[in-house]
Amino acid sequence: MTIALASVRPEASALFPPTEERQVWQHRLTALLAAAEQRVRAGPVNPDFDRPDFDRSLRDFDFERPVAMDDALNWTIAQLEHGVVHVDHPRYLGLFNPAPTFPAQCAERIVAAFNPQLASATTSPAAVAIELHVVRAVAGRLGMAAGAGGHFTSGGSEANYTALLCALAHAEPGFSSQGSRAFAGPPTFYVSADSHLAWIKIAQMAGIGRDAARLVPTDGAGRMDAEMLQAMIARDQADGMVPVMVAATAGTTNAGMVDPLFACHEAARRSGMWFHVDAAWGGAVAASSRYRHALAGTESADSVTIDAHKWLATTMGCGMFLAADPAVLETFSVAASFMPSHAPAADPYLTTVQWSRRFLGLRLFLSLAVGGWQGYAAHVEHSVEMSLLLRRALVGHGWTVENESVLAVTCLLPPPGSAPVREIVARVVGSGEAWVSTARFEGRDVVRACVTHGETNPVDVLAVVAALENVRGA
């Protein structure tokens with residue numbers, strides 16, 4: 001029996017408009033975003049957000065009555081203009097989420113159009129190969145041995161979670177099947193008290209409990225105290241615990257400090273532990289021959305975390321897990337008959353925490369392809385130079401720099417007689433002139449300023465200095 005099939009294209013809809021109409025809206029969106037970017041740069045860093053007005057307008061979207069594409073685009077862009085802190089503003093000296101590179105923004109559009117599934121190399125061979133190529137290039141730049149590998153992640157937390165699972169499997173092969181029951185005692189791992197405390201959540205997710213994250217005191221300068229680390233390991237071993245990992249930080253969130261990597265590695269080696277370096281922020285200095293010395297010791301790590309969406313300035317949700325021996329990632333292997341797998345060793349679903357995943361690595365690939373390591377070196381060095389300018393200018397006004405970091409993070413105390421730090425920061429942010437944050441450094445509140453935008457210039461830095469000076473009076 002022959003069935004006649006009509007070769008008729010399905011009727012176009014708002015969800016799948018014809019090609020010509022899509023092109024019109026692509027151009028329209030580009031123009032709208034360009035205009036919004038200009039307004040953002042000329043406006044306040046911390047825009048006013050009228051929550052009652054926003055809630056009223058949001059309720060109008062009942063999804064029973066479709067709205068015109070033009071109206072939807074204009075509304076959405078307007079809400080983001082007025083409803084988020086503008087990390088893409090050159091006077092945003094805030095957290096580790098910089099304005100993204102233009103190639104990374106282009107990558108987002110390309111990936112959205114093709115929408116590849118990164119679970120399988122069979123269905124997405126080009127995308128999987130591009131990501132692995134970038135991972136190997138970054139590992140090589142860090143000085144890791146040939147053969148190092150890894151994968152992209154949703155961010156630093158997933159990468160650090162991967163490191164802990166690898167460390168647990170390395171310490172006790174039975175962990176993959178039996179969990180923490182396979183250990184002779186409670187497993188523990190060691191991080192600085194000034195590390196990113198997502199580690200506590202990671203310990204809970206791994207099933208070993210929050211208490212397994214052993215927070216090592218700092219040395220008075222924001223770095224993990226190596227002597228205290230040794231003492232804590234010895235004490236835990238005597239108490240029947242099983243130390244599995246030392247995780248050093250290369251670029252603490254509060255102050256941009258780098259733990260003593262060689263001493264941390266030695267402590268891990270003595271007890272047969274996994275040595276991990278969380279370089280989510282600081283890993284980018286590997287691009288710079290001038291500052292890469294800050295990462296000395298990272299090349300000996302069993303694994304490394306880098307967030308490309310931090311100092312490498314891709315769009316958000318782009319982390320990396322690098323492993324000296326990628327074979328350890330077999331701990332994530334699982335049998336799945338429905339997966340089209342012709343080369344299992346290359347399939348990310350068999351070597352990562354995630355399964356279905358977006359093509360994350362194109363953002364960094366395009367940025368590296370267009371800018372090269374020299375482009376990223378210039379980006380990193382510019383951030384450091386602007387950070388040093390900020391320090392010099394504020395010291396000239398009587399401020400005190402509390403941390404010694406080459407990673408473009410500055411912790412400051414105002415002159416005696418000034419308003420409290422938190423009040424100063426609130427005033428600056430409230431003014432819209434700039435965006436800085438409050439952090440804790442060695443037990444006291446400090447003004448934290450981090451140059452993250454690749455186009456922040458001396459005029460912007462001096463405007464931040466003026467904003468701080470204008471509001472610091474008690």
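Computed from heavy atoms alone, side chains included, the values below leave out hydrogens, waters and symmetry copies.
Proximity of R391 to S387: side-chain heavy atoms (C-beta onward) are separated by under 4.5 Å at one or more points. Proximity of F61 to W75: side-chain heavy atoms (C-beta onward) are separated by under 4.5 Å at one or more points. V246 has its side chain out of reach of H276: every pair of non-hydrogen atoms, C-beta onward, lies at least 4.5 Å apart. When side chains are defined from C-beta on, L364 counts as touching V138, because their heavy atoms get closer than 4.5 Å. Under the 4.5 Å side-chain criterion, counting only non-hydrogen atoms from C-beta, D302 is not in contact with V328. Taking 4.5 Å as the limit, every side-chain heavy atom of H86 sits out of range of all side-chain heavy atoms of W435. Side-chain atoms of F332 and T352, non-hydrogen and from C-beta on, never get closer than 4.5 Å to each other. The shortest distance between side-chain heavy atoms of L95 and C450 does not fall below 4.5 Å.
For E433, the salt bridge (charged side-chain N to carboxylate O under 4.0 Å, His left out) criterion is met by no residue, not counting sequence neighbours. Considering only residues two or more places apart in sequence or on other chains, F49 meets the ring-ring contact (aromatic ring centres under 6.0 Å, His included) condition with F54. A search for ring-ring contact (aromatic ring centres under 6.0 Å, His included) contacts involving H170 returns W274, not counting sequence neighbours. Taking V87 as the reference, Y92, N97 meet the side chain to side chain contact (heavy atoms under 4.5 Å, CB included) condition, with sequence neighbours excluded.
Tested against L394 for a side-chain contact (heavy atoms from CB on, under 4.5 Å), the candidates V401, V465, V461 yield a single pass: V465. The only member of F189, Y190, Y161 that meets ring pair (Phe, Tyr, Trp, His ring centres under 6.0 Å) when paired with W199 is F189.
With values rounded to the nearest 0.5 angstrom, H265 atom NE2 is found 9.0 Å from E299 atom CD. To the nearest 0.5 angstrom, M245 atom CE is 7.5 Å from L168 atom CG. Atoms CG and OG, from N115 and S124 in turn, are 9.5 Å apart once rounded to the nearest 0.5 Å.
Counted within 6.0 Å of CD on E404, heavy atoms from surrounding residues, nucleotides or ligands total 12 or fewer; the atom is thus considered open. The environment of CZ in F114 is sparse: at most 12 heavy-atom neighbours from other residues, nucleotides or ligands sit within 6.0 Å. By the 6.0 Å contact criterion, CG on D53 is enclosed, its count of non-hydrogen atoms from other residues, nucleotides or ligands being greater than 12. Dense packing is recorded around CZ of R427, with more than 12 heavy atoms of other residues, nucleotides or ligands lying under 6.0 Å away.
With no hydrogens or angles considered, a side-chain donor-acceptor pair links E108 and T315 at under 3.5 Å. Checking R109 against T30 by side-chain atom types alone, a donor-acceptor pair falls below 3.5 Å. Remark: the R422 side chain and the T438 side chain contain no N/O donor-acceptor pair separated by less than 3.5 Å. Between the side chains of T253 and H196, no donor-acceptor pair is found at a separation under 3.5 Å. Side-chain atoms of T249 and S192 include no donor-acceptor pair closer than 3.5 Å.
In plain terms, the two heavy atoms of D259 and M224 that are nearest each other are OD1-N, 2.8 Å. Contact between H453 and D88 at its shortest, heavy atoms only, is NE2-O, 3.0 Å. For A193 against L215, the heavy-atom pair with the smallest separation is CA-CB, 4.1 Å. Minimum interatomic distance between N457 and M386 (heavy atoms only, all atoms of both residues): C-SD, 3.7 Å. For the pair V40 and H89, the tightest heavy-atom approach, listed with the atom from each and the gap, is O-CD2, 3.0 Å. The shortest non-hydrogen separation linking L261 to A248 is CD2-CB, 3.6 Å.
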If you apply the rule side-chain contact (heavy atoms from CB on, under 4.5 Å), what do you find for N46 with V429, and how did you get there?
CA-CA 6 Å; N46 193 47; V429 172; 3.3 Å; yes
- Task: Check the pair L93 / L390 against side-chain contact (heavy atoms from CB on, under 4.5 Å), numbers first and verdict last.
- Result: CA-CA 10 Å; L93 272 61; L390 178 76; 4.0 Å; yes
| field | salt bridge (Lys or Arg N to Asp or Glu O under 4.0 Å) assessment of R28 paired with E21 | value | CA-CA 11 Å; R28 173 67 172 154; E21 188 175 331; over 6 Å; no
message = E131 vs R136, test: salt bridge (Lys or Arg N to Asp or Glu O under 4.0 Å). Steps then yes/no.
response = CA-CA 9 Å; E131 286 202 343; R136 287 172 173 164; over 6 Å; no
Self-check item: Full working for side-chain contact (heavy atoms from CB on, under 4.5 Å) between T101 and T314
Solution: CA-CA 6 Å; T101 68; T314 70; 5.6 Å; no
Let me see the working for D55 and R51 under salt bridge (Lys or Arg N to Asp or Glu O under 4.0 Å), right down to the final yes or no. CA-CA 6 Å; D55 288 341; R51 187 59 191 247; 2.9 Å; yes
query: Would Q117 and S356 satisfy side chain to side chain donor-acceptor pair (under 3.5 Å), going step by step from the backbone distance to the final call?
result: CA-CA 6 Å; Q117 161 61 285; S356 299; 2.9 Å; yes
For this session: List the steps, then state whether side-chain contact (heavy atoms from CB on, under 4.5 Å) holds for D307 with W281.
Result: CA-CA 6 Å; D307 270 349; W281 170 252; over 6 Å; no
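Between the side chain of S195 and the backbone N or O of L197, no donor-acceptor pair lies under 3.5 Å. For D460 (side chain) and T456 (main-chain N/O), no donor-acceptor pair under 3.5 Å exists by modelled atom type. In this structure, T252 contributes its side chain and M257 its backbone to a donor-acceptor pair below 3.5 Å.
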Validation: residues 374-381 side-chain donor-acceptor distances under 3.5 Å, sequence neighbours left out:
from : atom 1 : to   : atom 2 : distance (Å)
Y376 : OH     : L312 : O      : 2.6
H379 : NE2    : W311 : O      : 3.0
E381 : OE2    : S288 : OG     : 2.7

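Because its NZ or CZ atom is not both nearer than 6.0 Å to the ring centre of F441 and within 45° of the ring axis, R223 does not count as a cation-pi partner of that residue.
A salt bridge does not link R59 to D62: none of the charged side-chain nitrogens sits closer than 4.0 Å to a carboxylate oxygen.
Among residues at least two apart or in separate chains, side-chain hydrogen bond (donor to acceptor under 3.5 Å, both in side chains) pairs with a member in residues 137-154 are S154-E158.
Using cut-offs of 30° and 60° on the angle between ring planes, the pair H133 and F365 is perpendicular.
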